[in-house]
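The next block holds one structure in the form of structure tokens; read it before the comments.
Atoms within each ligand, like the ligands themselves, are counted from 1 in listed order.
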Amino acid sequence: MALSTVTIDDLIASISVYHNDDDDLEFIRKAYQYASFLHKDQKRKSGEPYIVHPLSVAYILTTFARADMNTVCAALLHDTIEDTHCTSEDITLNFGEEVAMLVLGVTKIKGVVFSSREEGSLENQGKILNGMVSDIRIVLIKLADRLHNMRTLEYKTADRQKAIAQETLDFYVPIAYYLGSYQIKNELEDLCFKYVDPEKFIMIRNDLEEYIDNTKDEAFQIISKIKVILEENNIACRLTYRTKNIYGVYKRVREGLKVSEIHDLWAIQVIVKDIPTCYQVLGIIHGIYPPFNQMLKDLIARPKTTMYRSLHTSVFGNNGRLIQFQIRTEEMDDISLLGLPYYWDSPDVGMDEELHNKFQFFKSLVEANQHANSTKEFMEEAKNDIFTNMIYVFTPMGEVVELPEGSTPIDYAYKIHSDVGNKMEMAIVNASVASFDRRLKNNDIVKIITNDSIVGPREEYLGMCRTNLAKRKISEFLRKQEKEVK
Ligand code: MN
């Protein structure tokens, strides 16, 4: 892969795009020289000098996450404490406390990679999630580290390849998804797929390539046509496109679709100056290509819980083949590429509490971390409530609530607030009274009626909910009540 030949000059050039400060760039060169010196006698399994690895990790972070200077330095130094005589004090002395804290954070969650079903792996993953709660940059470095290791996985034994790929798919891919780091997620998925199920990987890849080959002329024609029409309407825009990643196609095929039936296999991105223009462009496109109504999504008015925003519409192209348009502003496009890291260098937004709450994944993770009595308990809650298939339901005011599949009104109530769960009298789902153990579905509108005279949840509720969160809160309440009675 071309990226393994990345040099320090490539790295500097990549940062300069978004952060051009001579002193900071010099600081990064210093970190590179320091890391090169420390790793000078080590080699990667590929035979390359070891420094290629931290350099690549730093480079991934600049291109996929626009990482700040301290994160880039920490990425360059991320294996020094573990693999060389360097200590965190050395790093503090040379590069300051923040860099040292990041390197130490990454070092703590290192160690042997276990298969995702082994106990040791759970422990390690718990540390990663802890790191996530304390400083999201630690996890970003860990993700980039894993991505580079996946890119160079061919040098490991077949057994290790499968175990590492499976763990990556089960654990790192969901993290990348929740962070909104789609570029990292998509590449990781394809790399994992290749090792986890090589036969299916090759089959889907070939089908996809063939389909792209057969349809690209048509797609490019549509792009040029839209470009001309938008210009005629005096709409300044930037047009790009992507095709779905191999694993993404596989997931649809697994659901029973043919490659040619996937509505967003080709996605054309139309990037315009502001939100009203997005809707204007949508109108223009629908005037030319008839929309496939079920696939119209207004993710501007209603962003995904990963903060992704865009208008999505799949339309019938020239030969009746479906093609997706994604219409958004430059800012939304940045968010779509970078995810959460976008907010690092966005001074007007900042990583404040409100933002944490918007990323419901974080909120759940922080909560689970605060209340769990052990790493094991924390990881069990994380695996059961967060690292699983999710559904999205609405509050009566139209807010989206993210819940694991199989959740009931009890889970919903506790996700909103303990008091709502404890004082729950009645559940209304889509305007009808619903039993407390009803399994919620995507797009249900859920309303909980509370009553102050309710003493608290009943013991049988424990068997009527799905999330560890609700179970934990109900048990807490019952224990407290028991004490009071005594
Ligand atoms: Mn590493």
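For the residue pair Thr329 / Glu331, no side-chain donor-acceptor distance below 3.5 Å is found, with atom types taken as modelled. Inspection of the His19 and Asp24 side chains reveals an N or O donor paired with an N or O acceptor under 3.5 Å. No side-chain donor-acceptor contact under 3.5 Å links Gln326 and Ser310.
Of all N, O or S atoms in Asp145, the one lying closest to the Mn ion (ligand 1) is OD1. Per residue His53, closest N, O or S atom to the Mn ion (ligand 1): atom name NE2.
Taking the six-membered ring for Trp, Phe37 and Tyr34 have ring centres at least 6.0 Å apart.
Of the angles at the Mn ion (ligand 1), the one spanning NE2 of His78 and OD2 of Asp79 is 80° when given to 10°.
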